[in-house]
Chemist: 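First the structure, which I've put down as structure tokens, then a few questions once you've had a look.
Starting from 1, each residue takes its place in the sequence as its number.
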Amino acid sequence: MSMRRRSVIAGIITLLLVVDAVMTGSSSSKAATGGSQRRASVAAQGSPLLAYLGPSNTQSIVYISGESGAQKRRLGPGDQPLISPDGGYYVAASATNFKGPALLVYSTEGGSPRQFFESGNQTATPLAWSPNGRYLAVSLLSTSINSARGASLAVIDTQTWTVTIVAKGVISGASFDPSGAAELVYGSSASQLLKDPSNLHEVSVEGGASTSLTHNGRSIAPVWGSQGIIFDREQLRGAAKAPEYQMWLMRGSHLEQLTSVKVSALVDGLVPLDVSSDGNRIIAAYVGQDTDEAWTIQISPRKVRQVTLGQNTVQSAGISSDGQQLLLDVGSFEQSPAHGTVETMPFAGGRLSAVTAGANASWDG
């Protein structure tokens, strides 16, 4: 069996491992997700904005609305939408055509999107916005057979609309310093082969030399919170099993294991997607073959639980800045967005509140 490593959203920034078709015949992925500018006029003052895929069976279309689903507006084609934080002025989305731009950046106030990269040469996945909404981190992967060639991490500056390649390699998630410093952490490896080591690094948005934060070769999917960097350590389990992910917290040089959940043979485990502003509450995805479940982790006091809703599959989408509310995708797993709804739920559990039809949501709150 061979394995491939690829970047995904959530988000929040996240990595999944994809089991080769020789073994499983299928793959799983989760868009993962993870600043004050003026709020777009589409929503009432003080109301968070949502970006999501509208309920279509054919083409992926990005929409925005207020948190209640009111004032819905179509932005245009795209996939894996990621809205900028605390003001929601921009929505980044992967392009869905095989020619033309690979990445689109929409203004939530309308107009034509900014276009970046060439889809004939590479795929572009939006991974994370900086806290002030100025910078966007994007994972680039070549469409050639040797996809690791040209793989890199790009940062787009929305003040100048310039692109800076800040790191080379296959990127396994990225996240900005929540303090507002122009730094980000990312995971990277030399290729998509599982045998190649992956570590976390820190780099400036302007590029230059990076600082290695881990050296064990098994560190991926970082999310930078105010208490430290949350990330996955992967443990290889042999050719017949997927690797196992468990979540850890890095506070300076101190490392603390956050989860020790049971992980079956074809399931990878928990991937951090987003964190509350105080760094204490995390939304994660439990992923693997035919598996994508919403989970929450509270650091203190420690609580790890799956978000359940009867027989429906509930997927993670985001967590509010105050950590009180979860944003969830319901019913769209392995289906088109037409089968899904975007809903909210209290972090501690309880009743769902429907927001809108659709899937792959992110919010700026």
Chemist: Using a cut-off of 6.0 Å, state whether more than 12 heavy atoms not belonging to R302 lie near its atom CZ.
Modeler: yes
Chemist: Would you say the side chain of H201 lies within less than 4.5 Å of the side chain of Y186, judging by non-hydrogen atoms?
Modeler: yes
Chemist: Test P81 against every option in I64, V62, L50 by the side chain to side chain contact (heavy atoms under 4.5 Å, CB included) rule and name the one that passes.
Modeler: V62
Chemist: Quick one: pull up CH2 in W129 and CG in L82 and give me the separation to the nearest 0.5 Å.
Modeler: 7.5 Å
Chemist: Do T143 and T123 come within less than 4.5 Å of each other through their side chains, counting heavy atoms only?
Modeler: yes
Chemist: Is the closest side-chain heavy-atom distance between S65 and Y52 below 4.5 Å?
Modeler: yes
Chemist: Using side chain to side chain contact (heavy atoms under 4.5 Å, CB included) as the criterion, point out the one residue from Q324, Q298, R281, Q227 that pairs with S276.
Modeler: R281
Chemist: For atom CD of Q335, is the number of surrounding heavy atoms from other residues, nucleotides or ligands below 6.0 Å larger than 12?
Modeler: yes
Chemist: Judged by atom type as modelled, is there a donor-acceptor pair below 3.5 Å linking the side chain of T214 to the main-chain atoms of L200?
Modeler: yes
Chemist: Going by heavy atoms in the side chains, are P346 and Q325 under 4.5 Å from each other?
Modeler: yes
Chemist: For Q315, does its backbone N or O pair with a side-chain atom of D329 as donor and acceptor, under 3.5 Å?
Modeler: no
Chemist: Going through the distances and angles, do N216 and S219 end up as a side chain to side chain contact (heavy atoms under 4.5 Å, CB included)?
Modeler: CA-CA 7 Å; N216 63 1; S219 300; 2.8 Å; yes
Chemist: Is there a donor-acceptor pair under 3.5 Å between the side chain of N199 and the backbone N or O of H215?
Modeler: yes
Chemist: Are V185 and F231 connected into the same hydrophobic cluster when the rule is that any two of I, L, V, M, F, W, Y join if their side-chain heavy atoms are below 4.5 Å apart?
Modeler: yes
Chemist: For the pair E293 and W295, evaluate side chain to side chain contact (heavy atoms under 4.5 Å, CB included) and give the outcome as yes or no after the intermediate values.
Modeler: CA-CA 6 Å; E293 303 168 353; W295 283 60; 3.3 Å; yes
Chemist: Tell me, do V314 and L352 make a side-chain contact under 4.5 Å, heavy atoms counted?
Modeler: no
Chemist: Given 3.5 Å as the limit, does a donor-acceptor pair link the side chain of S277 with the main chain of S321, or not?
Modeler: yes
Chemist: Is it the case that D79 and S94 place a side-chain donor and acceptor less than 3.5 Å from each other?
Modeler: no
Chemist: Run through T158, T160, D157 and flag the one making a side chain to side chain donor-acceptor pair (under 3.5 Å) with R134.
Modeler: D157
Chemist: If we ignore hydrogens and angles and just use 3.5 Å, is the side chain of S332 paired with the main-chain N or O of V330 as donor and acceptor?
Modeler: no
Chemist: For S189 and D196, run side-chain hydrogen bond (donor to acceptor under 3.5 Å, both in side chains): C-alpha distance rounded to whole Å, both residues' side-chain angles, the deciding distance at 0.1 Å, then the answer.
Modeler: CA-CA 6 Å; S189 59; D196 282 345; over 6 Å; no
Chemist: For the residue pair R233 / Q246, report whether a side-chain donor-acceptor contact shorter than 3.5 Å exists.
Modeler: no
Chemist: Test side chain to side chain contact (heavy atoms under 4.5 Å, CB included) on Y63 and T356 and set out the steps.
Modeler: CA-CA 10 Å; Y63 287 81; T356 185; over 6 Å; no
Chemist: What verdict does the side chain to side chain contact (heavy atoms under 4.5 Å, CB included) test give for V166 and V205, after you've listed the backbone C-alpha separation in whole Å, the side-chain angles of each residue and the deciding distance to 0.1 Å?
Modeler: CA-CA 7 Å; V166 299; V205 296; 5.7 Å; no
Chemist: Under the 3.5 angstrom rule, does the side chain of D278 hit a backbone N or O of N280 as a donor-acceptor pair?
Modeler: yes
Chemist: Do Y135 and T164 come within less than 4.5 Å of each other through their side chains, counting heavy atoms only?
Modeler: no
Chemist: Identify the two heavy atoms, one from S198 and one from G187, that lie closest to each other, and give their separation to 0.1 Å.
Modeler: OG-C, 4.5 Å
Chemist: From R237 CZ over to D268 CG, what is the distance, rounded to the nearest 0.5 angstrom?
Modeler: 7.5 Å
Chemist: Indicate whether the side chain of Q306 and that of T308 have a donor and an acceptor atom separated by less than 3.5 Å.
Modeler: no
Chemist: Flag the pair R114 / I156 as yes when at least one side-chain heavy-atom distance between them is below 4.5 Å, and no otherwise.
Modeler: no
Chemist: In this structure, would Y89 and V138 fall into the same cluster of hydrophobic residues linked by side-chain contacts under 4.5 Å?
Modeler: yes
Chemist: Within the side chain of S84, is there an N or O that forms a donor-acceptor pair under 3.5 Å with the backbone of Y90?
Modeler: yes
Chemist: Is the closest side-chain heavy-atom distance between V155 and V203 below 4.5 Å?
Modeler: no
Chemist: Of V304, L270, V223, which meets side chain to side chain contact (heavy atoms under 4.5 Å, CB included) against M247?
Modeler: L270
Chemist: Are R218 and Q235 close enough that a side-chain donor and a side-chain acceptor fall under 3.5 Å?
Modeler: no
Chemist: So, the side chain of T259 versus the backbone of V261: is there a donor-acceptor pair under 3.5 Å, distance only?
Modeler: no
Chemist: Looking at I83, is its backbone amide N or carbonyl O close enough to the side chain of S362 to form a donor-acceptor pair, meaning the two atoms are under 3.5 Å apart?
Modeler: yes
